[in-house]
**Student:** 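Right, I'll just put the structure down here and ask away after.
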Amino acid sequence: MPAFDYDLFVIGGGSGGVRSGRLAASLGKKVAIAEEFRYGGTCVIRGCVPKKLYVYASQYAEHFEDAAGFGWTVGESRFDWQKLVAAKEQEITRLEGLYQKGLANAGAEILRTRAELVGPNTVRLLDTGKTVTAERIVIAVGGHPTPHDALPGHELCISSNEAFDLAELPKSILIAGGGYIAVEFANIFHGLGVETTLIYRGKEILSRFDQDLRRGLHAAMEEKGIRILCEDIIQSVATDADGRRVAQTMKHGEIVVDQVMLALGRVPNTKGLGLETAGVNTDERGAIVVDAFSRTSAPGIYALGDVTDRVQLTPVAIHEAMCFIQTEYKNNPVSPDHDLIATAVFSQPEIGTVGLSEEQAGRQFEDLEVYRAEFRPMKATLSGRKEKTIMKLIVNAADRKVLGAHILGHDAGEMAQLLGISLKAGCTKDDFDRTMAVHPTASEELVTMYAPSYRVHKGERVS
């Protein structure tokens, strides 16, 4: 039997890599984990954690305005971008330390270097050139924003990576993209006082979400003052004499702004990783191809998280890591379950969703019942805001099973997490109807919509 330097070598110190390394080490396995940037990965360092902190920061302008309707007089307010950036950095540094502490306490060897495959069961550490072997290798290197190299002037643009640490807050920004990253940053920058324009090639933002929520959010964003240009693209970016960005668009001419941000998707970090040398297959986008148990085409090599391009969400990477541990070290084969994943868009207002949209369900089921409520949230009655909350339940008429739940409104993400449990358990509309409401809350609408708003037959609305 061959002798290896390690039982497990993990490439990538993000959520999936750290979880698999820490759990394996806690089981007594000899584990090393290598990360070339910072431990915590995209989520902790330049993704969902700092993004949510910036979302909070961007909401205070509205909070100050709303206070007047509740009897408060708020004095002069000022925003300091540098203070926010510094506070964010302090928090993600704290979290990075906790990730490393968890690994160290479990007994894993922590390496701060890029690691590349040089053959089956073999890894080279780039900082020293040393080669090590491992019985099992986990690749969890995540992804990065698409640079959009084909765009003339792309080097003048920023991505979500740079957006968190700009030297100064721009007065104006043009954001290209219509996915959740583009939408969230449009709301963040607008809330911080930046003149914000969103440009997207599609007919409506957030293409994979329920149509009602897409339209509702679009209207809410425009009501706030965010300019949204659909069915248009940036054709080139240049600079003017003042150093500002001049974006040439297909339909709206030149748009001159301080910054242009590209949020046009993400691609796996597989370039230069030595995958071909080790016999690891990738698809046309560079994502590592895996089977139902996260095994690659090379024996002993596994891949988790965004690098596989299955579902690009932090909790999914963590779940895949836990399934890997069960399968490989606990003699309990477990395949990651990617069905009915609740998710949120931290726009303003938020979107929380789980299950099938009305459009998706209409293609899969012959008859649907759709329960829909649209109302002004209670807080807005005194604050004076015009925003609306939208809630939808998509129900299979044949067995009354709830196929999808969709919310646009305050704390929608929090509600989506709990709805995810209900849908995962296979709850029916009758189960919702039997549940007592909590009053006064927005979420009580989910259990008090007793009659269908309309029905859908073979994808077509019939009543």
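Because the structure is predicted, anything quoted here is derived from the model rather than measured. Keep in mind that the numbers below use all heavy atoms, side chains included, and drop hydrogens, waters and symmetry copies.
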**Student:** Do Lys429 and Tyr371 form a cation-pi contact, if we require the NZ or CZ to be under 6.0 Å from the six-membered ring centre and within 45 degrees of the ring's axis?
**Tutor:**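 Relative to the ring axis of Tyr371, which defines the angle, Lys429 lies inside both limits.
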**Student:** Check Asp210 with Arg372, please: is the shortest side-chain N to carboxylate O separation under 4.0 Å?
**Tutor:**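 Answer for the salt bridge query: no.
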**Student:** Apply side chain to side chain contact (heavy atoms under 4.5 Å, CB included) to Val267 and Arg285, showing your working.
**Tutor:** CA-CA 7 Å; Val267 292; Arg285 296 189 70 249; 3.7 Å; yes
**Student:** Say whether Arg214 and Ser207, considering side chains only, have a donor N or O and an acceptor N or O under 3.5 Å apart.
**Tutor:**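 Ser207 and Arg214 do not have a side-chain donor-acceptor pair below 3.5 Å.
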**Student:** Hey, is CD on Glu195 packed in by over 12 heavy atoms from elsewhere, all under 6.0 Å?
**Tutor:**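 Counting other residues, nucleotides and ligands, CD of Glu195 stays at 12 neighbours or fewer.
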**Student:** Is the number of heavy atoms from other residues, nucleotides or ligands under 6.0 Å of Glu65 CD greater than 12?
**Tutor:**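 Yes.
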**Student:** Taking the basic N atoms (NZ, or NE/NH1/NH2) and the acidic carboxylate oxygens, is any pair closer than 4.0 Å for Asp165 and Lys88?
**Tutor:**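 Counted as a salt bridge, because a side-chain N and a carboxylate O are separated by less than 4.0 Å.
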**Student:** Just to verify, which of Lys392, Gln211, Arg461 counts as forming a side-chain hydrogen bond (donor to acceptor under 3.5 Å, both in side chains) with Glu358?
**Tutor:**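 Single side-chain hydrogen bond (donor to acceptor under 3.5 Å, both in side chains) partner of Glu358 among Lys392, Gln211, Arg461: Lys392.
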**Student:** Listed by chain and number, what are the ring pair (Phe, Tyr, Trp, His ring centres under 6.0 Å) partners of Phe185, not counting sequence neighbours?
**Tutor:**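 In terms of ring pair (Phe, Tyr, Trp, His ring centres under 6.0 Å), with neighbours along the sequence ignored, Phe185 is linked to Phe164.
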**Student:** Measure centre to centre between the rings of Tyr99 and Tyr39, then say whether the value is under 6.0 Å.
**Tutor:**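 Between Tyr39 and Tyr99, which both carry aromatic rings, the centre distance is not below 6.0 Å.
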**Student:** Thinking salt bridges, do Arg19 and Glu320 make one under a 4.0 Å N-O criterion?
**Tutor:**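 Salt bridge absent between Arg19 and Glu320.
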**Student:** Consider only side-chain N and O atoms of Gln90 and Thr93, and report whether a donor and an acceptor are under 3.5 Å apart.
**Tutor:**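 Absent: no donor and acceptor within the cut-off.
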**Student:** Counting heavy atoms not belonging to Tyr60, are there more than 12 under 6.0 Å from its OH?
**Tutor:**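 12 or below, so no.
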**Student:** CZ of Arg376: more than 12 outside heavy atoms within 6.0 angstrom?
**Tutor:**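 For Arg376, atom CZ is crowded (more than 12 foreign heavy atoms under 6.0 Å).
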**Student:** For the CZ atom on Arg201, are there more than 12 heavy atoms of other groups (residues, nucleotides or ligands in this structure) within a distance under 6.0 Å?
**Tutor:**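 No, CZ of Arg201 has 12 or fewer neighbouring heavy atoms, counting only those of other groups under 6.0 Å.
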**Student:** Answer yes or no: are there more than 12 heavy-atom neighbours, outside Tyr56 itself, under 6.0 Å from its atom OH?
**Tutor:**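 Check fails, neighbour count at 12 or below.
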**Student:** Please say whether more than 12 non-hydrogen atoms of neighbouring residues, nucleotides or ligands are located less than 6.0 Å from CG in Asp149.
**Tutor:**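 Check passes, neighbour count above 12.
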**Student:** Could you check whether Arg385 pairs with Glu223 (Lys NZ or Arg NE/NH1/NH2 to Asp/Glu carboxylate O, under 4.0 Å)?
**Tutor:**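 Salt bridge absent between Arg385 and Glu223.
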